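Notes for the one structure printed next.
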2 protein chains.
Amino acid sequence: MPVHRAQAWKYKLKSLSLKAKNMFERVLIAEDQQSMNFWMLQTLKELEITDAHYACYCDDALTRIKNSLKDGAPFDLLITDLSFVDDGRTQSISNGADLIKVVRQHQPTIKVLVFSSEPNPTVVNMLFDKLAIDGYVHKGRTDTIDLKAALAAIYKGKKFIPEAFRVSIRQKNAFKFSNYDVAIIEQIAGGANQNKIPDYLKQQNMKPTSLSSIEKRLAQIKDELGFKKNEQLIAYCKDLKII
Amino acid sequence: MPVHRAQAWKYKLKSLSLKAKNMFERVLIAEDQQSMNFWMLQTLKELEITDAHYACYCDDALTRIKNSLKDGAPFDLLITDLSFVDDGRTQSISNGADLIKVVRQHQPTIKVLVFSSEPNPTVVNMLFDKLAIDGYVHKGRTDTIDLKAALAAIYKGKKFIPEAFRVSIRQKNAFKFSNYDVAIIEQIAGGANQNKIPDYLKQQNMKPTSLSSIEKRLAQIKDELGFKKNEQLIAYCKDLKII
DNA sequence: ACTTATTTTACGGGAAGCCGTAAGCGCATT
DNA sequence: AATGCGCTTACGGCTTCCCGTAAAATAAGT
């Protein structure tokens with residue numbers, strides 16, 4: 001494939017060039033807002049990152065990551081949103097968190113910056129904890145500055161968390177929901193009677209499956225969060241986008 | 001106030017100029033994402049709208065609207081987001097829908113374009129119904145084109161709804177929640193036992209207040225939406241941002 | 001003012017959920 | 001093999017919720 005060869009060659013040339021770079025070279029943006037993509041490309045250009053590309057779908061982003069590895073011209077940085085609107089095109093990856101997971105499997109060393117309007121510190125905290133992202137920039141009133149600061153920080157190997165979040169992350173860290181918990185809660189939110197859930201869990205090869213265990217787990221979750229009723233829990237999980 | 005005089009004069013000059021304009025002249029953007037504001041200003045400039053301004057807070061937006069009227073140089077168009085992140089600065093208006101309501105009280109003729117990432121057709125439908133907005137552009141994979149199309153359409157006095165929404169608005173229009181309904185559902189989502197709700201409703205001067213009526217109303221709502229359990233209803237209401 | 005219709009309330013039986021106790025099971029240690 | 005520990009399951013009573021029926025109250029029509 002001559003195209004790939006050419007790309008790899010170009011990349012090597014860059015790497016070998018004597019001009020000391022102090023910024024990322026190849027950046028991939030995964031973001032479904034076209035306006036945001038345009039603006040982002042422009043901002044990167046101002047930082048002399050000319051080799052930036054974007055994908056409007058998670059699947060496309062993954063493909064580009066894979067191809068870039070094949071071509072020997074891997075991306076240095078992935079900037080991704082969290083939520084992608086489903087517009088009918090069936091996608092195997094539907095959100096930014098899943099995209100990060102899969103991308104990491106292919107290219108563990110890639111730096112990841114999340115750029116999203118997710119305002120919930122608990123969710124963001126999870127990203128740093130479980131996905132080891134390198135930075136988070138909240139789409140907001142200072143995002144133009146934050147983005148530049150984040151790029152600089154991450155390039156130097158630092159993590160980037162905006163001040164506003166750093167505080168409240170500690171405050172709010174209430175409870176970790178396991179997959180098991182989420183499965184149960186989703187069933188309830190979907191209208192299932194609790195006595196139907198054991199069968200469902202068996203089907204999903206999750207355990208424990210007994211009604212008693214489910215009751216107990218639910219009681220524990222609610223107790224830890226200070227809730228008394230399932231409805232409260234559902235509301236909470238919806239707010240935190242756990243379900 | 002010399003500044004205001006000058007502005008008004010400038011505005012009159014423009015209006016009287018022989019050059020036939022086919023686009024808005026004075027535009028106000030209410031949007032809390034700085035990046036989006038920058039991009040929007042640029043886009044408007046491409047359309048030769050140079051007299052565009054933005055506000056990061058709803059209250060600021062309202063102030064500018066008021067001032068523009070005082071100065072005799074009113075805005076032709078308000079472009080606003082729906083959700084504004086609360087960053088601690090206390091605001092009397094906290095979201096786009098409320099902003100539109102208040103702005104309309106001061107300047108009923110102003111055109112309103114909502115530019116948001118709200119994906120729920122029911123919510124958007126409400127905006128056209130209750131707030132009589134002139135257009136809706138969804139921040140998404142085609143928003144750069146949509147925005148320009150919307151501006152052109154609205155300028156010609158047409159309404160603008162993207163195709164993708166036009167369809168599903170009809171499909172999904174399921175149920176209208178009254179204040180009474182919302183009050184009950186909020187109580188449940190907050191963890192209240194149903195037998196505590198009568199007292200609450202009396203306190204709020206809402207009726208009927210009997211437990212039986214509440215049970216009946218809940219049953220009816222769930223029946224119409226095809227739900228069987230409260231938890232399902234809570235999940236639904238959270239998704240639709242009814243609570 | 002009387003009847004009719006609709007809404008609201010009261011009540012009661014059955015279903016679902018909640019919660020504590022105790023029995024069952026697997027697993028590691030000795 | 002026996003013991004102890006933790007997790008899972010089974011069961012029973014108690015509460016809350018669900019839903020139907022009927023009485024009471026309110027609104028509407030003549």
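Naming: A, B, ... by sequence-line order, numbering from 1 per chain. Given the structure is predicted, the values throughout are model-derived calculations rather than measurements.
- Sequence order on DNA chain D of the closest nucleotides to B/N230 and B/K216 puts B/N230 first from the 5' end.
- B/F115 and A/S35 get closest at one heavy-atom pair: CZ-OG, 4.3 Å.
- Taking 4.0 Å as the cut-off between side-chain N and carboxylate O, A/K158 and A/D134 do not count as a salt-bridged pair.
- Phosphate proximity of C/dT9 to B/S212: absent, as no side-chain N or O sits under 4.0 Å from OP1 or OP2.
- Expressed to the nearest 0.5 Å, how far CG of B/L240 lies from CE of B/M126 amounts to 10.5 Å.
- Heavy atoms of A/K228 sit nowhere under 4.0 angstrom from any nucleic acid atom.
- Nucleic acid contact for A/K196: none, since no nucleic acid atom lies under 4.0 Å from a heavy atom of the residue.
- Close to D/dT8, at under 4.0 Å from its OP1 or OP2, lies no side-chain N or O of A/T209.
- When the side-chain nitrogen and oxygen atoms of B/K229 are compared with OP1 and OP2 of D/dC17, none of them lie within a distance under 4.0 Å.
- Not one side-chain nitrogen or oxygen of B/S210 sits closer than 4.0 Å to the OP1 or OP2 atom of C/dT8.
- One can place CG of A/L211 at 14 Å from C1' of C/dA15, the figure rounded to the nearest angstrom.
- Summarising the geometry, the separation between CZ on A/R217 and P on C/dC19 is reported as 15 Å, rounded to the nearest angstrom.
- B/D239 and A/K238 are joined by a salt bridge, as a carboxylate oxygen and a charged side-chain nitrogen come within less than 4.0 angstrom of each other.
- Atom CD of B/E231 and atom C1' of C/dA16 are 10 Å apart (whole Å).
- The nearest heavy atom of DNA chain C to B/K207 and to B/E215 marks one nucleotide each, and the one closer to the 5' end goes with B/K207.
- Residue A/I214 contributes atom CD1, which lies 15 Å from atom C1' of C/dC19 at whole-angstrom precision.
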